[in-house]
2 protein chains.
Amino acid sequence: MTNDPGGAVPTISDVARAAGVSPSTVSYVLSGRRPISAQTRARVQAAIAELGFHPHAGARALASSRTNVLALVVPLRVDVNVPVIMQFVTAVVTAARAHNHDVLLLTKDEGTAGLERVAHSTMVDALIVMDVERDDLRLPALRGLRQPSVLIGLPDGAPGITCVDLDFAGAGAQALRHLHGHGHRQVALVGPSPAVYQRGTGYAGRFLSGFTEVSAELSLRTVAHPCEPSAAGVRDCLARIDADLPGATALVVHNEEALLPLLADLRADGRRVPQDLSVVAVCPRDVAVGMPVRLTSVDIPAHEVGTMAVEAAMGLLDGRSVAETTLLPPTLVERDSCGRPGAGSEISSSHC
Amino acid sequence: MTNDPGGAVPTISDVARAAGVSPSTVSYVLSGRRPISAQTRARVQAAIAELGFHPHAGARALASSRTNVLALVVPLRVDVNVPVIMQFVTAVVTAARAHNHDVLLLTKDEGTAGLERVAHSTMVDALIVMDVERDDLRLPALRGLRQPSVLIGLPDGAPGITCVDLDFAGAGAQALRHLHGHGHRQVALVGPSPAVYQRGTGYAGRFLSGFTEVSAELSLRTVAHPCEPSAAGVRDCLARIDADLPGATALVVHNEEALLPLLADLRADGRRVPQDLSVVAVCPRDVAVGMPVRLTSVDIPAHEVGTMAVEAAMGLLDGRSVAETTLLPPTLVERDSCGRPGAGSEISSSHC
DNA sequence: TTGAAAGCGATACCAA
DNA sequence: TTGGTATCGCTTTCAA
């Protein structure tokens, strides 16, 4: 690596001259878009290394109409689960890099204008949009862009845009089925914060509907309450559950941030998990594992979803056909927070 | 806004033709780099709106050697405080947008190669690097780039690169002085996880040294222990403190993730905050406020730091002179977690 | 297997 | 106050 600080930045022509070939040959060595003899390739590559040549991204974008950049729109609200968002972001950046793309970060609060700005100015090849609401105002704008987009989430109706998400209805169903299989007949759902429902974020409702359907199908007694993710909010929510369904033997918690205060609250109340109350959480693995009690959980596969979103975007860019909607099947992992109702302290973990 | 989907994307020449002026005039209307008569300007702007023209970012970058993009390098480790990172990111993106820049997201684990890739290919005008270690391997690489960079953090020695950070030594001093002012003479520091110290992240040591200096200066009895941010880690840490400094009447907690388990642990032990034990936290405001007890805290001003980092980068790009090191003074905010030692339940919040 | 040269779409210098 | 145009650095078609 011969760095030449102070010297001018080498261009493709400099490389061509040094290698004794034409600029186009250098370009083709770089892109592999046409066969090059081994010797020529070697000479060019030597010259590239020698000069420390790096193609100019802007020039490339101009000539090829490809930026190798993906836009990622993230929510920066505080009531949204920050660690989960970070997992999506990590997954997207990592997957994008694996496809030789970089990631331009947009915030949701720039709204439609932000999307159009980066798309119209050709800063990106495709867009990935997180935190999509059921009737998201940005959808029409996205449809109008020349670049393809991929949603993380599932809006109402046929969005006409590629969507990737966890099958939250399936997740709700699976959580409840699991508890039913362990003998529970009265189960309460601790949902996301009211703000999430009000915002019209789809996953909350989809999870609830899966939960509700299974409840009906299996003739269970269930209640569902949203929950503010704070010590006070959790206390409220538990009180309401005790009032509405005093015989509840299990909780499904679809609210990552409420988990810690909730477990603390139960403990302070002398209600042991899982001896007195079973808990199934819906959250990323590492959150479930990091709790005071290792929680049986339905995984939120942020990494997979993020990766699939990028794969879908790449597929669209390459002209491959891509399923409009991809719902990842839920995965429930047994850990230590779920026993049989009324098992008291004599819980046999082999049964759960 | 007359959208013309399906029609070709308009270029600056199309606008020029429509407005009856030359392309350069359109460019100057856009950039404001030379005086334009009001009528011409109006005609051009009308044409721009009419055609829905947006300058091509790549073409612009090529012609002007300015991308209007900032690289932001974020750590995606799990042991790092995710919400705090998100606050930095938010601040940087917001500030960058205020200066008409976008943000390209790089992960720390791409290391030196990632920095050089985006810099050499001229994808960005400047770089902002988070989570800088005391003797960070990336510093030499950053110094070799044509683009300026700004560090969030403070490496050892004279880095030769602009740095922005909270004055952690001052923060440690302030936390301890505050407790001393309220009568505490035996104070324990609950530090970040051992991993943070081992990684050589500077802020942990700087905080500790400020704490230690004040301890000596005021002849206090203090101990300091790192703390794994988990239920078990917190238990361990508290046990060690009880062993080493049984008379401790106050805790300084420089470990955001340990706060919740720590408070739960104290509560379970029947030790009330602040009646039996005072606590000063070091964390962002909203974290302090969101705890079961509203914590007196030294703020981690992620927003200010992120904003200042962007301002510094803009200053460097504009050729303004920028201080090599900017340490933001700490701010302690009184809330409800700090009383006089031995005050028991008769705490008078007016005194604290 | 390689080369020549015409763009890509802006900016900014040199003229008028 | 405005216009003409060379230039930025690369890709890709057309030719050989």
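Quick caveat, the model's predicted, so the values are computed rather than measured. Residue numbering restarts at 1 for every chain, and letters A, B, ... go by the order of the sequence lines.
Between B/V84 and B/P284, some side-chain heavy-atom pair lies under the 4.5 Å cut-off. Between B/Y203 and B/L166 the shortest side-chain heavy-atom distance does not fall below 4.5 Å. By the 4.5 Å heavy-atom criterion applied to side chains, B/I161 and B/V150 are not counted as neighbours.
Rotation axes derived from the C1' atoms of the five outermost pairs at either end of the helix from C/dT1-D/dA16 to C/dA16-D/dT1 lie 30° apart, to the nearest 10°.
Using a 4.0 Å heavy-atom distance criterion, A/S65 is classed as making no nucleic acid contact.
Taking atom CG of B/L51 as the reference point, atom P of C/dG9 lies 14 Å away to the nearest angstrom. Rounded to an integer number of Å, the gap from CZ of A/R66 to C1' of C/dC8 is 16 Å. Nucleotide C/dG3 holds its C1' atom 15 Å from the CZ atom of A/R17, rounded to whole Å.
Looking at residues 54-64 of chain A, you'll see A/L62, A/A63 sit with a heavy atom under 4.0 Å from some atom of DNA chain C. Of the residues in residues 20-33 of chain A, those with a non-hydrogen atom less than 4.0 angstrom from any atom of DNA chain D are A/S24, A/S27, A/Y28, A/R33.
Checked against salt bridge (Lys or Arg N to Asp or Glu O under 4.0 Å), B/R41 has no partners two or more places apart in sequence or in another chain. Evaluation of the side chain to side chain contact (heavy atoms under 4.5 Å, CB included) rule for B/T94 yields B/T90 as partners, not counting sequence neighbours. Applying the side chain to side chain contact (heavy atoms under 4.5 Å, CB included) rule to B/L62 yields the partners A/H56, A/A59, A/L62; only residues at least two apart in sequence or on another chain are considered. Listed by chain and residue number, B/D125, B/D318 satisfy the salt bridge (Lys or Arg N to Asp or Glu O under 4.0 Å) test with B/R66 (two or more places apart in sequence, or in another chain). A/T112 pairs by the side chain to side chain contact (heavy atoms under 4.5 Å, CB included) definition with A/E116, A/R138, A/A141, not counting sequence neighbours. Legend: residues meeting side chain to side chain contact (heavy atoms under 4.5 Å, CB included) with A/P23, ordered by chain and number and at least two apart, are A/I12, A/S13, A/A16.
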Side-chain donor-acceptor pairs under 3.5 Å in residues 304-313 of chain A, sequence neighbours left out?
| residue | atom | partner | partner atom | Å |
| --- | --- | --- | --- | --- |
| A/T307 | OG1 | A/H303 | O | 2.8 |
| A/E311 | OE1 | A/H99 | NE2 | 3.2 |

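Minimum heavy-atom separation, B/P55 to B/L30: CG-CD2, 4.5 Å. The minimum heavy-atom distance between A/T11 and A/F53, with the atom names listed, is C-CE1, 3.5 Å.
Of all nucleotides in DNA chain D having an atom under 4.0 Å from a heavy atom of chain A, the first and last in 5' to 3' order are D/dG9 to D/dC14.
Residues in residues 18-30 of chain A take part in these side-chain hydrogen bond (donor to acceptor under 3.5 Å, both in side chains) pairs, two or more places apart or across chains: A/S22-A/S24, A/S22-A/T25.
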